[in-house]
There are 4 protein chains.
Amino acid sequence: MATPSGVEASNTRDRILDAAVEVIAERGYSAAGVQEIIDRAGTSKGSFYFHFPSKETMTMALLEQMSNRLIKRVQEAVQGEPTPLHRVAAGIEFLLATFSRHRKVAQVLLVNLMGHGRTIDRRFLPIREKLSELIKGELDAAVAQGQIECQDTSLVAAVWVGALHEVIMRWLLTGQPSPLSGVAPELRSTLLRSVGVDPAMFQPLQRRA
Amino acid sequence: MATPSGVEASNTRDRILDAAVEVIAERGYSAAGVQEIIDRAGTSKGSFYFHFPSKETMTMALLEQMSNRLIKRVQEAVQGEPTPLHRVAAGIEFLLATFSRHRKVAQVLLVNLMGHGRTIDRRFLPIREKLSELIKGELDAAVAQGQIECQDTSLVAAVWVGALHEVIMRWLLTGQPSPLSGVAPELRSTLLRSVGVDPAMFQPLQRRA
Amino acid sequence: MATPSGVEASNTRDRILDAAVEVIAERGYSAAGVQEIIDRAGTSKGSFYFHFPSKETMTMALLEQMSNRLIKRVQEAVQGEPTPLHRVAAGIEFLLATFSRHRKVAQVLLVNLMGHGRTIDRRFLPIREKLSELIKGELDAAVAQGQIECQDTSLVAAVWVGALHEVIMRWLLTGQPSPLSGVAPELRSTLLRSVGVDPAMFQPLQRRA
Amino acid sequence: MATPSGVEASNTRDRILDAAVEVIAERGYSAAGVQEIIDRAGTSKGSFYFHFPSKETMTMALLEQMSNRLIKRVQEAVQGEPTPLHRVAAGIEFLLATFSRHRKVAQVLLVNLMGHGRTIDRRFLPIREKLSELIKGELDAAVAQGQIECQDTSLVAAVWVGALHEVIMRWLLTGQPSPLSGVAPELRSTLLRSVGVDPAMFQPLQRRA
DNA sequence: AATGAATGAGCTTTCATTCAT
DNA sequence: AATGAATGAAAGCTCATTCAT
């Protein structure tokens, strides 16, 4: 499953987006040529520009689609958890598992769409911003419920997102750890400690892979 | 002080590197044209290629110079501290202060030189790798001295580097917090907690800016 | 008639090839810029590189096209002749007449595409190689039929090709003789003598042009 | 002995010329950069332009030096021969032997300095022109002495030069025949026949290699 | 005589985008 | 909706030549 959607797309627009993920993951944004994208998508220049006004627009559409889909899935995956802290922990585990299965999506989302001039920088934040907000929301809830002490949840959320990002990036560039999800327990412990929770006291629910 | 060296360079090679930091910070690596770099450096195409065999080589030289210089300064800044944990804490504070003063260096180092094909990816890691190693070294020493409990210091180092990276990136893209070094106390607390140290028990030395 | 095809080409690819012959003939291979070629062809840079992957590839395509076309025409022109020796003689006359009418093709084929690094050198040989083989074939047939004595036909073919080349090159550079085909009778006599045939005994058929 | 002079030159000017032969033989005229020439000559840009006003001028000096030297040596080598025809035959043999020992000189003289815009074309002829004149002179003498019949000696000279050129070029590009001078007897026979002389009736003097 | 950093016009090649079909 | 030839600005890079030392 290397496509953002996870299935072979049947309409041209989605085939273009799927091809774009592949090419951008392999070459980086700037070196990803429209020609190669349409070659892999099995369509034509004209078709590309019929569906998207520009390469940049298409990239932003790609970004938005991937971000939204990912966030939605995280939220779904986390619904059954009993407490805010359980939800964040589960969310982090889910993210590691998901990126592990969609290496190229991870690469594009976390590595290849950065630093290409302001326009994309700004639009790139959403995934981290939304993740941050998700985490901050749960942390705030945890504070409200007395699960953790009062603290700068905004900063903590940033720390957690940065930690996740770093761990995944290392995996992308070095292949370690293999599998990626192997770090989940230790990472969860470290992050829980960072908000003053004793990992030993925190019993996660049993969940599927 | 926008130049990597912090002073107006007088030889051509350094003027090119200084100009490159500026242009790459403003436009990103791919969009940073040799033409604009030499325009700002006040030199010529031929001169550029007399000093560097290619744009890529020049970028790697830039990266190496900046990384080495930064790491060296961190090490110097941290020498006087009494314990390993004091040293990491001081190092983080120093990094925030330094990047705060060299915004463009931070941007280039942490944002703009990623995702441009393997060659630069691989060479890009050093700054994070070295930072990671520095931190891991101190954490290991802290474990050895009984300052903190035994744990996966490699993962913790990654978490700390990721946290730093995230905090700085947010500042680069949003300007918050202002000044950047304002987060230092809270960040230190969060990171110390993550290794099981009570921030309240940890008394930093008094230090200059 | 300065175009390889002899007629104004209507498709872009052929217009590029025709323009290339002109420019290469005037300036030599290295000094023949893609810019000037496309200017004369009335097309654009992008168009050039849409039709050919590189300037070198295009030059080789040009070479191949011209060689094949020329060889084919020589073979056709020579079909009606009664004996091997008549065929070679007619072929030489035909070549002189053809180059006489296509000065620039001659220049490119025989002068301008030599000595530019192995790649083109190797591909350049075909026209001489093929001509050599054509001549050697007829000489071998002449030996088999007892028209001439047994001898190193391979060397003789080389001598004849060299003689032709030299005569044409002088004409290209000095304009002498005018017309080029004026040397045909004397050249034929000299070459026939070189294989031991008395030119006076050799009665060519009557032919056009 | 790969240098035009046959010995390691001791003054800068000659070291440049020697290096130029090497580089031009290896890369062709256009691709032979001044930088590589001075690198091999062990001197500097400034030095090059102190000794020669331009690359082109230097090339012409090279050409002239090589041509004059070669022609002079041919004339010396041929002095002892009894008849005009003996002299041409000896000259051809000497040329083959000489080029055989100075492969790069042959390459530069016969292959690499052709087809690079009018200026060099014109200056390039001398070697062939002078060779032609040498041969024509002897042929005229042979006619005057009744050694051969009256004929267009100018054309015959061209044919002979072309034959030589072709044979040497094939050797340069294919390495055949090895050694080059192996073709001398057959070539002499063919050329003698081309002026109506029975090779069997022609007894060359004994000479050193 | 010699050095080598500097120059800048020019090179081949790329690529997002357009448009007639 | 789709095609693909065409466009042209701009890219990275080369190289003969100059000049202060």
Side-chain angles (χ1 to χ4, degrees), chain A residues 11-13 15-16 27 29-39 41-59, chain B residues 11-13 15-16 27 30-39 41-59, chain C residues 11-13 15-16 30-39 41-59, chain D residues 11-13 15-16 29-39 41-59:
Chain A
N11 68 83
T12 303
R13 197 190 131 100
R15 279 205 326 275
I16 291 173
R27 308 216 184 291
Y29 175 71
S30 300
V34 171
Q35 187 61 59
E36 187 166 0
I37 292 171
I38 57 151
D39 283 350
T43 185
S44 66
K45 285 267 175 72
S47 180
F48 183 99
Y49 284 93
F50 175 82
H51 289 289
F52 304 98
S54 73
K55 183 188 161 188
E56 205 183 335
T57 308
M58 175 273 226
T59 306
Chain B
N11 69 80
T12 303
R13 197 190 129 99
R15 281 206 325 277
I16 290 172
R27 306 217 185 289
S30 299
V34 171
Q35 187 61 57
E36 185 164 4
I37 292 171
I38 56 151
D39 283 350
T43 185
S44 63
K45 283 260 178 77
S47 183
F48 182 99
Y49 285 95
F50 177 79
H51 290 288
F52 304 97
S54 70
K55 183 188 160 189
E56 203 184 336
T57 306
M58 177 274 230
T59 306
Chain C
N11 69 81
T12 303
R13 197 191 132 99
R15 279 202 330 273
I16 290 172
S30 301
V34 171
Q35 186 61 58
E36 185 164 2
I37 293 171
I38 57 148
D39 283 350
T43 185
S44 64
K45 285 262 179 73
S47 182
F48 183 99
Y49 285 93
F50 177 80
H51 289 288
F52 304 98
S54 71
K55 183 187 159 189
E56 203 183 336
T57 307
M58 176 272 228
T59 307
Chain D
N11 68 84
T12 303
R13 196 190 131 100
R15 281 207 324 276
I16 290 172
Y29 175 72
S30 301
V34 171
Q35 187 62 58
E36 186 166 2
I37 292 171
I38 58 151
D39 283 351
T43 186
S44 67
K45 284 267 175 73
S47 180
F48 183 98
Y49 284 94
F50 174 80
H51 289 289
F52 305 98
S54 72
K55 183 188 162 188
E56 204 183 335
T57 309
M58 176 271 221
T59 307

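Chain letters run A, B, ... following the sequence lines, proteins first and then strands; every chain starts at 1. None of the values given here were measured: they were computed from a predicted structure.
Ranking E/dT3, F/dT7, F/dT3 by closeness to the D/Ser47 side chain, first place goes to E/dT3. Picking from E/dA2, F/dG8, F/dA2 the nucleotide with the shortest atom distance to the side chain of C/Ser44 gives F/dG8. Distances were taken from every side-chain heavy atom of C/Thr43 (C-beta onward) to each of F/dT7, F/dA1, E/dG8; the shortest belongs to F/dT7.
Between the CE atom of D/Met58 and the C1' atom of F/dC15 there is a distance of 14 Å, given to the nearest Å. In this entry the distance linking CD1 of D/Ile16 with C1' of E/dT3 reads 13 Å, nearest Å. Rounded to whole angstrom, the span from the CG atom of B/Asn11 across to the P atom of E/dG4 amounts to 17 Å. For the pair B/Ile38 CD1 and E/dT7 P, the interatomic distance rounds to 9 Å; values are reported in whole Å. If you take CZ of A/Arg27 and C1' of E/dC15, they are 14 Å apart, rounded to a whole angstrom. Between B/Asp39 atom CG and E/dG8 atom P there is a gap of 11 Å when expressed in whole angstrom units. Distance CZ (C/Phe52) to P (E/dT12): 15 Å, rounded to an integer number of Å. Distance, C/His51 NE2 to E/dT13 P: 16 Å, rounded to whole Å.
Judged by distance alone, the side chain of B/Arg15 and the main-chain N or O of B/Ala41 form a donor-acceptor pair under 3.5 Å.
Residues A/Met58 and A/Val34 are not in side-chain contact: their nearest non-hydrogen atoms beyond the backbone lie 4.5 Å or more apart.
Expressed to the nearest 0.5 Å, how far OH of D/Tyr29 lies from NZ of D/Lys55 amounts to 5.0 Å. Distance check, rounded to the nearest 0.5 Å: CG of B/Asp39 to CD of B/Glu36 gives 7.0 Å.
A pairwise comparison of heavy atoms in D/Lys45 and D/Ile38 identifies N-CD1, 3.4 Å as the closest pair. The two residues A/Ile16 and A/Ile37 come nearest to each other via the heavy atoms O-CG2, 3.8 Å.
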(message) What does the B/S/- profile of nucleotides 16-21 of chain E look like, 5' to 3', with a 4.0 Å heavy-atom cutoff to protein?
(response) SBBB--
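Not one side-chain nitrogen or oxygen of A/Thr12 sits closer than 4.0 Å to the OP1 or OP2 atom of F/dA1.
Summarising the base pairing, E/dC19 is matched to F/dG4 through a Watson-Crick or G-U wobble pair whose two defining distances lie under 3.5 Å.
Counted by atom type alone, A/Ser47 and A/Ser44 present zero donor-acceptor pairs between their side chains at under 3.5 Å.
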